[in-house]
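Right, one structure below, let's go through it.
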Amino acid sequence: MALKIYNTLTREKEEFKPIVDGQVGLYTCGPTVYNYAHVGNLRTYIFEDVLKRVLNYNDYKVKHVMNITDVGHLTGDRDMGEDKMESESKKENKSAYEIALFYTDKFKEDLTSLNIIYPEIFCKATDNIKEQIEMIKVLEEKGFTYKTSDGIYFDTEKVADYSKLSHQNLEALKEGARVEVNTEKKNPTDFALWKFSPSNTKRQMEWESPWGVGFPGWHIECSAMSIKYLGDHFDIHAGAVDFINLHHTNELAQSEAYTGKTPWVNYWMHGEFLNLKDGEKMAKSTGNFLTIKSEFIDKNINPLVYRYATYSVHYRKQMEWNDEIIGAAINGYTNLVNRVRGLGKDIGEVNGELKERFMESINDDLNMSKAMAVVGEVFKYGISNEDKLATILDFDKVLGLGLDNLKEDSIPEEVEALAKERLEARNNKNWAKSDELRDKIKDLGYEAKDKDREYEIIKI
Ligand code: AMP
Ligand code: ZN
């Protein structure tokens, strides 16, 4: 069955055709590790994980590369402002390298708790400085660069179709770029390949180069590392929509200038944003910085509930974070887990018809809400519980909802004690007390059911 994906480059849903039969080269832009990832960032990583799982389900062997940006991403995206790593290092009184290591570990913990498969290759910008310098040297030799007082810049006027990914007219792009003025740039859309270390302060992260001591610009790392690991022509490059106009447009311009070939990448895929109510952005300063830890782990909610929640909105549509959507996901996920448990432990055969319907949904540009509707149908289908379980576990290769690894929940001691007390109250015919205790148990998320003169506790 054909797999169709939406390609930002052509603005069309296209049939996916790999460069090499049965294999896919996938590059996804990773985090800038100066802070925790928020649930918005993680929506993008879940979308990319689903993409990878869908490719695997279609029998492609995926080589997935993700970078870790640990240098060069400035507070202003357009080569102005402070390096995010160095500024956080001052705030936390740790070295920039310590900051990078700490938040890389936290990021990996988030991936694990969301059941996101690690990329085959994680690569750090600071581990690939030589490769970035080599690429800039080639761009210089080919005449795509120029020097200003603060760095080496890419001349966007030298490429014929700079806005082919964003589809914006160049005037609109230039207008956007003018927000941060650097009067030495030849064109507002030009961007830094190498920045010189400032003369008045000593940077923690800096390297020798043919142009002087400094550090790479933000975009060059992705071009250098993707080409290093995936070659100068690969299948899919993904990220969130905010990367289309700037980061990915610049990656594309410099990569094709470097290789002298087009296309560099066949399919560009972009996930939409997760927003707070009324389109409000997530920011640490406003106290709206929601993380997997703050919203799930600290509240004793399984983080996979978030993964489940993201399936209710197509990846190319904006999603709003609110209590209703998370509340519905808690119920939906708990219900699903209980129904899977109810199927028993014996595994039969995957049902072909259901599998086809499931595949039609995921192969239609990753339509996960439709795929979840097929999951719901499995339980009603006229097949044995063993076959239902086999089918659901097969689907979970794509869903990643941990259904193959369900642990029996242990009942908290507090609930156990209340249930015992309630049984005693009932045996003494103290109905008022028994009702009061039942409500307390319910508030903790459990229900105490009577079984003769015993009790059974179930999670609700
Ligand atoms: P950063 O660590 O800031 O470089 O961002 C990591 C990834 O998260 C990038 O692919 C961003 O485009 C993406 N991203 C940032 N904010 C959001 C959001 N609110 N919703 C979805 N993705 C986001
Ligand atoms: Zn990138």
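Along the sequence shown, the residues carry numbers beginning at 1. Both ligands and their constituent atoms are indexed starting at 1 by order of listing.
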Using the rule given for side chain to side chain donor-acceptor pair (under 3.5 Å), can you reason through Tyr153 versus Asp150, listing the C-alpha separation, both sets of side-chain angles and the distance that settles it, and then say yes or no?
CA-CA 9 Å; Tyr153 280 77; Asp150 75 349; 3.0 Å; yes

Do we see a donor-acceptor contact under 3.5 Å between the side chains of Ser361 and Asn367?
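The criterion, which ignores hydrogens and geometry beyond distance, is not satisfied for Asn367 and Ser361.
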
If only side-chain N and O atoms count, and only distance matters, is there a donor-acceptor pair under 3.5 Å linking Glu221 with Asn67?
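Yes, Glu221 and Asn67 have a side-chain donor paired with an acceptor closer than 3.5 Å.
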
Around [atom], find the nearest protein heavy atom and jot down its residue, atom name and distance.
{"atom": "atom 4 (O) of ligand 1", "answer": "Thr32 OG1, 3.2 Å"}
{"atom": "atom 17 (C) of ligand 1", "answer": "Phe273 CZ, 3.4 Å"}
{"atom": "atom 9 (C) of ligand 1", "answer": "Phe243 CZ, 3.5 Å"}
{"atom": "atom 6 (C) of ligand 1", "answer": "Tyr45 OH, 3.2 Å"}

Roughly how far, to the nearest 0.5 Å, is the CG atom of Leu51 from the CE atom of Met269?
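CG of Leu51 is found 4.5 Å from CE of Met269.
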
For His38, state whether at least one heavy atom is located under 4.0 Å from any atom of ligand 1.
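Yes, His38 has a heavy atom closer than 4.0 Å to ligand 1.
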
Fit a plane to each ring of Tyr27 and Phe234, take the angle between them on a 0 to 90° scale, and name the class: parallel (under 30°), tilted (30 to 60°) or perpendicular (over 60°).
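Answer is tilted, since the angle falls between 30° and 60°.
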
Please test Asp365 against Arg316 for salt bridge (Lys or Arg N to Asp or Glu O under 4.0 Å), starting from the C-alpha separation and ending with a verdict.
CA-CA 9 Å; Asp365 193 27; Arg316 283 195 292 117; 2.9 Å; yes

Would you check whether [X] has a nitrogen or oxygen atom less than 3.5 angstrom from a nitrogen or oxygen atom of ligand 1?
{"X": "Asn41", "result": "yes"}
{"X": "Glu272", "result": "no"}
{"X": "Leu274", "result": "yes"}

Check: Leu290 main-chain N/O paired with Ser294 side-chain donor or acceptor under 3.5 Å:
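No: the side chain of Ser294 does not pair with the backbone of Leu290.
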
Please compare Gly271, Ala240, Gly239 and report which has the shortest non-hydrogen distance to atom 13 (C) of ligand 1.
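Heavy atom nearest to atom 13 (C) of ligand 1 belongs to Ala240.
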
Regarding atom 11 (C) of ligand 1: of the candidates Ile46, Val39, Thr44, Asp242, which has the closest heavy atom?
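Of the listed residues, Asp242 has the closest heavy atom.
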
Which atoms from ligand 1 have a heavy atom of Gly40 less than 4.0 Å away?
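Near Gly40, the atoms of ligand 1 are 17 (C), 18 (C), 19 (N), 20 (N), 21 (C), 22 (N), 23 (C).
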
At a 4.0 Å threshold, what atoms of ligand 1 neighbour a non-hydrogen atom of Pro31?
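This gives 2 (O) as the contact atoms.
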
Could you go through the salt bridge (Lys or Arg N to Asp or Glu O under 4.0 Å) check for Glu140 and Lys137 one step at a time?
CA-CA 5 Å; Glu140 186 178 45; Lys137 271 174 35 191; over 6 Å; no

Working note: His248 + His270, criterion ring-ring contact (aromatic ring centres under 6.0 Å, His included); need CA distance, chi angles, decisive distance, verdict.
CA-CA 10 Å; His248 284 170; His270 293 97; 5.0 Å; yes

Within-2.8 Å protein N/O/S contacts of the Zn ion (ligand 2)
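Protein N/O/S atoms under 2.8 Å of the Zn ion (ligand 2): Cys29 SG, Cys222 SG, His247 NE2, Glu251 OE2.
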
Ionic contact status for Lys185 with Asp190, cut-off 4.0 Å:
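A salt bridge is absent here (no side-chain N lies under 4.0 Å from a carboxylate O).
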
Taking Arg53 first and then Asp49, would you say they form a salt bridge - that is, a charged N and a carboxylate O separated by under 4.0 Å?
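Result for this pair is yes, salt bridge flagged.
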
Min side-chain heavy-atom separation Ile326-Phe296 under 4.5 Å
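Yes, close enough: below the 4.5 Å cut-off.
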
